[in-house]
Amino acid sequence: MCGRNGLLHVHHCLHGRNRAVADRMGLTVHLCVRCHTRLHDNGEYDRELQALAQEVYEKEHGRAEWMERVGKNYRG
């Protein structure tokens, strides 16, 4: 998100019961420690990343499959 390189953390775009789903679906991003902390502490960019994950997944697999696997629409 900030463009930094180096030590990066893996962030799952889906949370809770859907974290394992995010792993299986490849819906993770790599963030620097600062951005990852800001995301978890302040919720910055969380909804945007969820919506982006859904958009990317749906381009390949469609909305019906997303809803079947995730059960929640993040795109409004």
Side-chain angles (χ1 to χ4, degrees):
M1 291 173 14
C2 68
R4 287 191 183 110
N5 293 314
L7 178 63
L8 300 176
H9 290 192
V10 175
H11 174 75
H12 295 82
C13 294
L14 306 177
H15 313 290
R17 68 176 183 84
N18 284 325
R19 184 174 183 196
V21 174
D23 269 336
R24 288 191 299 275
M25 295 167 67
L27 301 175
T28 59
V29 293
H30 294 85
L31 304 172
C32 76
V33 174
R34 184 172 155 249
C35 286
H36 199 206
T37 300
R38 286 173 56 194
L39 193 146
H40 280 283
D41 289 351
N42 304 330
E44 289 183 47
Y45 306 112
D46 197 33
R47 293 299 262 177
E48 292 89 344
L49 285 174
Q50 291 167 331
L52 180 60
Q54 180 177 349
E55 179 182 344
V56 168
Y57 189 84
E58 285 180 354
K59 282 182 183 177
E60 183 82 19
H61 304 280
R63 168 85 38 110
E65 186 173 319
W66 172 268
M67 293 304 291
E68 181 180 313
R69 295 186 77 180
V70 177
K72 186 170 184 179
N73 180 16
Y74 294 103
R75 295 186 69 195

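By convention here, the first residue in the shown sequence is residue 1.
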Just verifying a value: how many Å separate [X] [atom1] and [Y] [atom2], rounded to the nearest 0.5 Å?
X     : Y     : atom1 : atom2 : answer
Glu55 : Gln50 : CD    : CD    : 14.0 Å
Cys35 : Glu44 : SG    : CD    : 8.5 Å
His36 : His30 : NE2   : NE2   : 10.5 Å
His15 : His40 : NE2   : NE2   : 7.0 Å
Met1  : Tyr45 : CE    : OH    : 5.5 Å
Leu39 : Asp41 : CG    : CG    : 9.5 Å

Checking Trp66 side chain against Gly71 main chain: does a donor-acceptor pair fall under 3.5 Å? no

Under 4.5 Å between side-chain heavy atoms, hopping through other hydrophobics if needed: is there a path connecting Met67 to Val21? yes

ILVMFWY cluster, Tyr57 and Leu52 together (side-chain gap under 4.5 Å): no

Should [X] and [Y] count as side-chain neighbours, where that means a heavy-atom distance under 4.5 Å?
X     : Y     : answer
His12 : Thr28 : yes
Leu8  : Cys32 : yes
Arg19 : Leu14 : no
Asn18 : Leu27 : no
Arg4  : Arg34 : yes
Glu58 : Glu65 : no
His11 : Asp46 : yes
Val33 : His9  : yes

Around Tyr74, counting heavy atoms of other residues, nucleotides and ligands shown, do more than 12 lie under 6.0 Å from its OH? yes

